[in-house]
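So the structure is just underneath, and the comments pick up after that.
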2 protein chains.
Amino acid sequence: MAGLTAPLLGLEKKSLREQALSALRTAITSGELEPGRHLVETELSEMLQISRGTLREALRQLEQEGLLSAGPRGRLSVRHLDEKEIRDIYAVRAALESLAARTLCELADRQHVTKSLHQAIDVMAAGASGSLEERIESDLEFHRTLCRLTGNETLLHSWESLEGSIRMSIMFAGLEKGVRNMSVDRHRDIVAAIDTGDAALARKTILEHMDTAAANLVA
Amino acid sequence: MAGLTAPLLGLEKKSLREQALSALRTAITSGELEPGRHLVETELSEMLQISRGTLREALRQLEQEGLLSAGPRGRLSVRHLDEKEIRDIYAVRAALESLAARTLCELADRQHVTKSLHQAIDVMAAGASGSLEERIESDLEFHRTLCRLTGNETLLHSWESLEGSIRMSIMFAGLEKGVRNMSVDRHRDIVAAIDTGDAALARKTILEHMDTAAANLVA
DNA sequence: TTACTCCCGACTGTAAACAGTCGACTTATG
DNA sequence: CATAAGTCGACTGTTTACAGTCGGGAGTAA
């Protein structure tokens, strides 16, 4: 006699705040809200059909994720990235992911790890002819999985906090540039390096991957 | 005829939200709000003499900093750290700060960098006989400076997002354990390594510092 | 006693209203 | 015409009020 209503099974109904958060993130990383644009709370709350209070909570979070920058007197605007900032973001990303790679090498059952990673790559391979957005999505999913599999919640959380900035970097540079980094082979190399259990090699592989990724974006 | 009022000079008046944020952060990292404790919005808003709306914005930020964890139906509680989580936090911290060290080595004028760092160490040395809290404070200031001097805003921001967790780690382990890591000499070693410009050495020095720091905490 | 129902209290989610401040435009004045 | 004072409008900061929901305890029937 259960819920014909909605929040069936694992599908939790999200709060308006979370919905707004997703909507805004998408709007920003898709370029719909162009960089430098001033955000007006009353405007947005009206667009999203939510109250300002609820909206403001979401904005605070986006601000902390680095998607928004605060001007004088709390005026928010969509963050603008220049090439240096993109390189900076990728430097931090590289630091985090190289930690992930090293950690995975020292893990007990790398069987499970490499299996999950191969799956993620298979998804990428399957969508290799899909839209740019889809390819980017599956790429990010691979790297997120890399962090998640370490079991280090703090690492995963830090990476996810950076995710918005990463997306903005790709958007900024242009999707056609970003997609250069989606090579399936390069990702297989990473997994192979982890598979050997050689932490130094895995770290080196990731760092190189990130280096070329950043170079591709700002080139 | 200027302001006898208050917001004189560079001293900006903080919003209630920011005040609440600081107050809560301090309360949590000092242990006044013990780990695992459930937070009730109406209680806190009354304690801090602010409205719930304003409070909630601060809570969202603390949540994202990892000081609070969300239970079912939005119930917030002070995060509880076990030894593994402390190690995880320090692993991420090490990754970030080793990036900082490497970056500083590649910087143009390391003169300025080492000068600033030496200043920060001098502050530590001056307060070496002060209270535990003060010593911890000056230690964190040194490491924050390390990140700030890189000029990589994203790096600094990531580190600061982690700062709350770092403070909790020290608090959790006990201040007397945390203070073991405040050795002035060890910090001088770090600066010396950066001063040589040898990125690999600097990275190694920081990683070892963080390793022993984490070990001291969970030992 | 046990189990079941119903009601009440406690919290969070959300919305709407109020207050203060800064900037831009207008107007008056030399 | 240029400059200064004044007024209006737009936003953010903050508070207050309302709605929905979950959990627990009182009460009741088997």
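Just so you know, these numbers come straight off a predicted model, no measurement behind them. We name chains A, B, ... by the order of the sequence lines, and we start the count at 1 in each one.
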For this session: Would you kindly give the CZ-to-P distance between B:R52 and C:dT14, to the nearest whole Å?
Result: 11 Å
Exercise. In terms of ring plane angle, is the pair B:H209 and B:H187 parallel, tilted or perpendicular, where the classes change at 30° and 60°?
Worked result: perpendicular
Problem set entry | Separation of atom CG in A:L76 from atom P in D:dT12, rounded to whole Å | 8 Å
Exercise. How many Å lie between CG on B:L55 and P on D:dT16, as a whole number?
Worked result: 14 Å
For this session: Establish, with yes or no, whether the OP1 or OP2 oxygen of D:dG13 is under 4.0 angstrom from a side-chain nitrogen or oxygen of A:R56.
Result: yes
Problem set entry | C:dT14 phosphate, OP1 or OP2, under 4.0 Å from A:S51 side-chain N/O | no
For this session: Select one nucleotide: of C:dC11, D:dT14, C:dA15, the one nearest the side-chain heavy atoms of A:I50.
Result: C:dA15
For this session: Tell me which nucleotide among C:dA15, D:dT15, C:dG13 gets nearest to the side chain of A:S15.
Result: C:dG13
Exercise. Mapping A:R73 and A:Q49 onto DNA chain C by nearest heavy atom, which one lands closer to the 5' end?
Worked result: A:Q49
For this session: Report the residue (A:R75 or A:G53) whose heavy-atom-nearest nucleotide on DNA chain D is the more 5′ of the two.
Result: A:R75
Exercise. Quick one: A:R37 CZ to D:dC11 P, roughly how many Å, whole number?
Worked result: 12 Å
Exercise. Over how many whole Å does the gap from A:E57 atom CD to D:dT14 atom P extend?
Worked result: 14 Å
Exercise. Within the distance-only criterion (no hydrogens, no angle test), does the side chain of B:R79 pair as donor or acceptor with the backbone N or O of B:G66 below 3.5 angstrom?
Worked result: yes
Exercise. What nucleic acid atoms does B:L39 come within less than 4.0 Å of, heavy atoms only: base, sugar-phosphate, or nothing?
Worked result: sugar-phosphate
Exercise. For residues A:T54 and A:S51, is any side-chain donor paired with an opposing acceptor at under 3.5 Å?
Worked result: yes
Exercise. Looking only at atom types and distance, does a side-chain atom of A:R75 sit under 3.5 Å from a main-chain N or O of A:A70, one as donor and one as acceptor?
Worked result: no
Exercise. If you look at every strand shown and take non-hydrogen atoms under 4.0 Å, does B:L44 touch a base, only sugar-phosphate, or nothing?
Worked result: nothing
For this session: Verify the contact: side-chain N or O of A:T54 to OP1 or OP2 of C:dA15, cut-off strictly under 4.0 Å; return yes or no.
Result: yes
For this session: Nearest whole angstrom, please: distance from the P of C:dA19 to the CG of B:L16.
Result: 16 Å
Exercise. Backbone N or O of A:D88 within a donor-acceptor pair of the B:N152 side chain at under 3.5 Å?
Worked result: yes
Exercise. Could you give the CD-to-C1' distance, from A:E46 to C:dA15, as a whole number of Å?
Worked result: 14 Å
